[in-house]
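Hydrogens, waters and symmetry mates are skipped; everything else that's a heavy atom, side chains included, is used. Chain letters run A, B, ... following the sequence lines, proteins first, then strands; residues in each count from 1.
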Amino acid sequence: MHVSFDIASSLDQALRTAAVAAGLEPESFSPEVRAADPRYGDFQANGVLAYAKARKLNPRALAEHIIAALPSDVGEHCSVSIAGPGFINFLLKPESLLQWITAQDTTERLKSGATSLHHGQKYVVDFSSPNTAKQLHVGHVRGMVIGEAICRLLAFCGAEVIRDNHIGDWGTQFGKLIWGYKHHLDQAALAKDPLEELERLYKLTDAATKSAPSVLDAVRAELVLLQSGDAENLALWKKIIALSSGAFTEIYRLLDIHFDHQLGESFYNDKLPAIYAELGSTGLASESQGALVVFHPEHPRFKTQPFIIRKSDGAANYASTDLATMLYRTEHFHADAIAILTDARQADHFEQLWLTTEKWFMMTGRPLPRFTHVSFGSILGEDGKAIKTRSGDPIKLKTLLAEAVDRAFVLVTAKAPELPESERREIATAVGLGAIRYADLAQNRSSDYIFSWDKILSFEGNTAPYLLYAVSRVRSIFRKAGLEPNDASAVTGATPPESPAELALARKLIAFPVALKLTTEQLRPHFLCTYLYELAGEFSSFYAAEKVVVDDASIRARRLLLCSRTLLLLETGLHLLGLRTLVRM
RNA sequence: GGACCCGUAGCUCAGCUGGAUAGAGCGCUUGGCUUCGAACCAAGAGGUCGGGGGUUCGAAUCCCUCCGGGUCUACCA
């Protein structure tokens, strides 16, 4: 065993080797190496317990055998012990901690270490995917920031990532928009603020369809006309798309969100007849109440709840286009994995989509990619209900982001009035946008979360300001010492960590790969957030306990080394999450 | 009715595919700046992990059941 980037994996390998030598059945032994509670060591292996249990063996005795068979170099790097019912604990020697920390000296080095996690896999990530002609609001932000973070993380870990913004540019809302445009357009308002006017038309028509069935029929007719290629409706459609995409781009730029493709629903329009035909000929789809639907008899609910792939009026819906999208991503992009980000309320739809796709691809002999519906909960107000403005409308994303920056500016000005205003503005932008972003990432995406300005802008706790503050403190040390953080000469001659605070920080540093692995395997960025927060915490404790710039050259070098790598991991991690870091704040 | 998500300290949340004495932050109590940034750090109090069964060496985690909250459930996405 050498001190590799991913020590847990090295230990896993060593344990598997030892297990074979000790006479275990290798295919049924999984070492289960994980980061340990610091009280017990750096890593622990729990797999012996399960193996012994299944065979009614004494787990401690079995652990003894495995340890005795471990490759000899494991012992050079860590002390190994058995504890409790049969845990194997590994405590890295300070010299080995130093070796890892010294080696991980640049973002590129970290990336090359992380590459093995998802090397060779091609991911299509579908995120943001707003509806055309509606403004982005607070409900869109979580998918945007989680999606961007997931893309960056997967790419960092070696995957080839294709980012696709699957814009809703073809659905029923266009029936409404076109009908509204034809009957109630206010030209002056359109010239002044196109999105406001389009939104007004949409709301007006939507309300009208609910009170007058004849309007609903008219709206549906407009959609059918559009989807069958009517020239007038097509021209209107193009105009509406152009107006709204400009507004999206503005926000994407502000939040540093990027796409390789924007293949909206309309892109799949000409591919739909083939889908209907295939699903019909394989027998998966059938006619019901005039619509083309798919039932899943083996499923408790979807045996009676249909997946409607073509509406009774012949128009497409999002099941139609999503099926075409699955096919296109498989055949054209050759995706190994597809991840679609939407809020959890669409879980039914994606479960039906996947069940249908599995059967369809199986019956037609197509390769089946992995699929993950990366769902997430809603953002709630402090009253625990869906967050809204006083008038009951959703909060516009533009407004929310502007308020975040404004609030951060007030805080920055209070704490650092001596900085020039331009710099305070810059800091406020990074802190304000970072706070919104981090709040969306730090909590497990499965649950709803309660939005609170005071909480996300606090300098205490698991927040963006706390992490950015830690970064600026490390930078300050180097600035005061007249050094660059990545200056190798400042850290040459570093001795292994010694004091409790040094050791605790060193041990947190080496756990970075575990956090990356968890995050990208489960597509849950909060694992990385938790890790970075704990790292910043260990740094703060270390900083309070030990003076870094001391006279003794070797002590100074080893503490500067710890600072340098803390900075590297914090900045790398925060950038992967999409946050901008600061030199001063 | 059915399905899915959630229920952990007063509040907001972690707890990594069953592991060691369940952890943070806020709030509360107390201590620490003439010393690299105190927007910080250290210490303390605070829990029947919604209730009840079960599976086993071991359960916040898995199974069953009940309670409470949310979401979805045929032509919106």
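- The residue A:R524 sits apart from the nucleic acid: no heavy atom pair falls under 4.0 Å.
- When the shell of 6.0 Å around CZ of A:R424 is examined, it contains more than 12 heavy atoms from other residues, nucleotides or ligands.
- Set against B:G19, B:A3, B:A74, the side chain of A:L49 has B:G19 as its closest nucleotide.
- Contacts of A:S472 with the nucleic acid, taken as non-hydrogen atoms under 4.0 Å apart, include base atoms.
- Among the atoms of the strands shown, none is found under 4.0 Å from any heavy atom of A:F307.
- The partner of B:C57 is B:G19, by the rule that a Watson-Crick or G-U pair needs both atom distances under 3.5 Å.
- If you check every strand for non-hydrogen atoms under 4.0 Å, A:Q44 touches a base.
- At a threshold of 4.0 angstrom between heavy atoms, the contacts of A:P465 with the nucleic acid are absent.
- Contacts of A:N89 with the nucleic acid, taken as non-hydrogen atoms under 4.0 Å apart, include base atoms.
- Across all strands shown, A:F527 has heavy atoms under 4.0 Å from sugar-phosphate atoms exclusively, and none from any base.
- Between the P atoms of B:G23 and B:C63, the separation comes to 25 Å (whole Å).
- Here A:N462 lies out of heavy-atom contact (under 4.0 Å) with every strand.
- No donor-acceptor contact under 3.5 Å links the side chain of A:Y469 to the base of B:A39.
- Using a 4.0 Å heavy-atom cutoff across all strands shown, A:S541 reaches sugar-phosphate atoms only and no base atom.
- Taking the charged nitrogens against the carboxylate oxygens, A:R479 and A:E484 have no contact shorter than 4.0 Å, which rules out a salt bridge.
- If you take atom C1' in B:C11 and the same atom in B:G53, they sit 32 Å apart, rounded to whole Å.
- Out of B:A77, B:C36, B:A38, the shortest distance to the side chain of A:R473 is found at B:A38.
- One interatomic measurement links the two molecules: CG of A:N444 to C1' of B:G23, which rounds to 16 Å at whole-angstrom precision.
- When rounded to the nearest whole Å, the span between CD1 of A:I88 and C1' of B:A20 equals 15 Å.
- For the pair A:F542 and A:A347, nearest-nucleotide mapping onto RNA chain B gives the more 5' position to A:A347.
- In this structure, A:Y318 counts as stacked on the base of B:A77 under the 5.5 Å centre distance and 30° plane angle limits.
- Checking B:G7 for Watson-Crick or G-U wobble geometry (two distances, each under 3.5 Å) identifies B:C67 as its partner.
- As rounded to the nearest Å, B:C41 and B:A22 have C1' atoms that lie 25 Å from one another.
- Counting any heavy atom pair closer than 4.0 Å across all strands shown, A:E460 reaches sugar-phosphate atoms only and no base atom.
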Inset, instruction - List the steps, then state whether ring pair (Phe, Tyr, Trp, His ring centres under 6.0 Å) holds for A:F302 with A:F307. - result: CA-CA 8 Å; A:F302 303 141; A:F307 190 49; 8.4 Å; no

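- Ranking B:G58, B:C40, B:G25 by closeness to the A:K53 side chain, first place goes to B:G58.
- Summarising the geometry, the separation between CG on A:L535 and P on B:A14 is reported as 20 Å, rounded to the nearest angstrom.
- Comment: A:D348 engages A:R301 in a salt bridge, judged by a side-chain N to carboxylate O separation of less than 4.0 angstrom.
- The pairing partner recorded for B:C72 is B:G2, the criterion being a Watson-Crick or G-U wobble arrangement whose two distances lie under 3.5 angstrom.
- Base-pair partner of B:A42: B:U30 (Watson-Crick or G-U wobble, both distances under 3.5 Å).
- A gap of 14 Å separates the C1' atoms of B:A60 and B:G51, to the nearest Å.
- Listed pair A:R475 / B:C36 fails the phosphate criterion, with no side-chain N or O lying under 4.0 Å from OP1 or OP2.
- Position along RNA chain B of the nearest nucleotide to A:A83 versus A:H349 favours A:A83 as the more 5'-ward residue.
- A salt bridge does not link A:K134 with A:E199: every distance from a Lys NZ or Arg NE/NH1/NH2 to an Asp or Glu carboxylate oxygen is 4.0 Å or more.
- By the side-chain contact (heavy atoms from CB on, under 4.5 Å) test, A:F43 pairs with A:I7, A:A8, A:L11, A:V33, A:F90, A:L92, A:I510, A:V514, sequence neighbours left out.
- Of the candidate nucleotides B:C76, B:A38, B:C57, B:C57 has the atom nearest to the side chain of A:P85.
- Distance A:R345 CZ to B:G69 P: 20 Å, rounded to the nearest Å.
- The NE2-P distance, from A:H526 to B:A24, rounds to 17 Å in whole Å.
- Of the candidates B:U35, B:C41, B:A74, B:C41 carries the atom nearest the A:S540 side chain, counting heavy atoms from C-beta on.
- For A:R34 and B:U61, the CZ to C1' distance is 11 Å, given to the nearest whole Å.
- The distance from atom CG of A:N46 to atom P of B:A59 is 15 Å, rounded to the nearest whole Å.
- Candidate nucleotides B:C40, B:C36, B:C13 were compared by shortest atom distance to the side chain of A:Y449, and B:C13 ranks first.
- Set against B:C13, B:A3, B:G25, the side chain of A:Y533 has B:G25 as its closest nucleotide.
- Taking the P atoms as reference points, B:A38 lies 23 Å from B:G44, given to the whole Å.
- Going from atom CG of A:D448 over to atom C1' of B:U12 covers 14 Å, rounded to whole Å.
- No contact: A:H299 has no heavy atom under 4.0 Å from any strand.
- The six-membered or imidazole ring of A:Y268 lies near that of A:H166, with a centre-to-centre distance under 6.0 Å.
- The C1' atoms of B:A42 and B:C49 are separated by 28 Å, rounded to the nearest whole Å.
- Under a 4.0 Å N-O distance rule, the pair A:R559/A:E546 qualifies as a salt bridge.
- With salt bridges taken as basic N to acidic carboxylate O contacts below 4.0 Å, one links A:D206 and A:K210.
- Residue A:I308 is classed as a base contact, given a heavy-atom separation below 4.0 Å to a base.
- The stacking criteria are not both satisfied for A:F87 over the base of B:G19, which would need a centre-to-centre distance under 5.5 angstrom and an angle between ring planes under 30 degrees.
- Residue contacts shown for A:R445 are absent, as no nucleic acid heavy atom lies under 4.0 Å away.
- The partner of B:C36 cannot be assigned: no Watson-Crick or G-U wobble pair with both contacts below 3.5 Å exists in any strand.
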Legend entry - Audit row: A:H526, A:Y449, ring pair (Phe, Tyr, Trp, His ring centres under 6.0 Å) steps and yes/no: CA-CA 13 Å; A:H526 81 282; A:Y449 82 88; over 10 Å; no

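- Rounded to a whole angstrom, the distance from the P atom of B:U61 to that of B:U8 is 14 Å.
- Nucleic acid contact for A:E265: sugar-phosphate only, since backbone atoms but no base atoms lie under 4.0 Å from a heavy atom of the residue.
- Separation of the P atoms belonging to B:U73 and B:C66 is 24 Å when rounded to the nearest angstrom.
- Note on A:Y466: a side-chain N or O is less than 4.0 Å away from OP1 or OP2 of B:C41.
- When the side-chain nitrogen and oxygen atoms of A:Q305 are compared with OP1 and OP2 of B:A74, none of them lie within a distance under 4.0 Å.
- For a distance-only test at 3.5 Å, the side chain of A:S288 qualifies as a donor-acceptor partner of the base of B:A74.
- OP1 or OP2 of B:G23 has not a single side-chain nitrogen or oxygen of A:T530 nearer than 4.0 Å.
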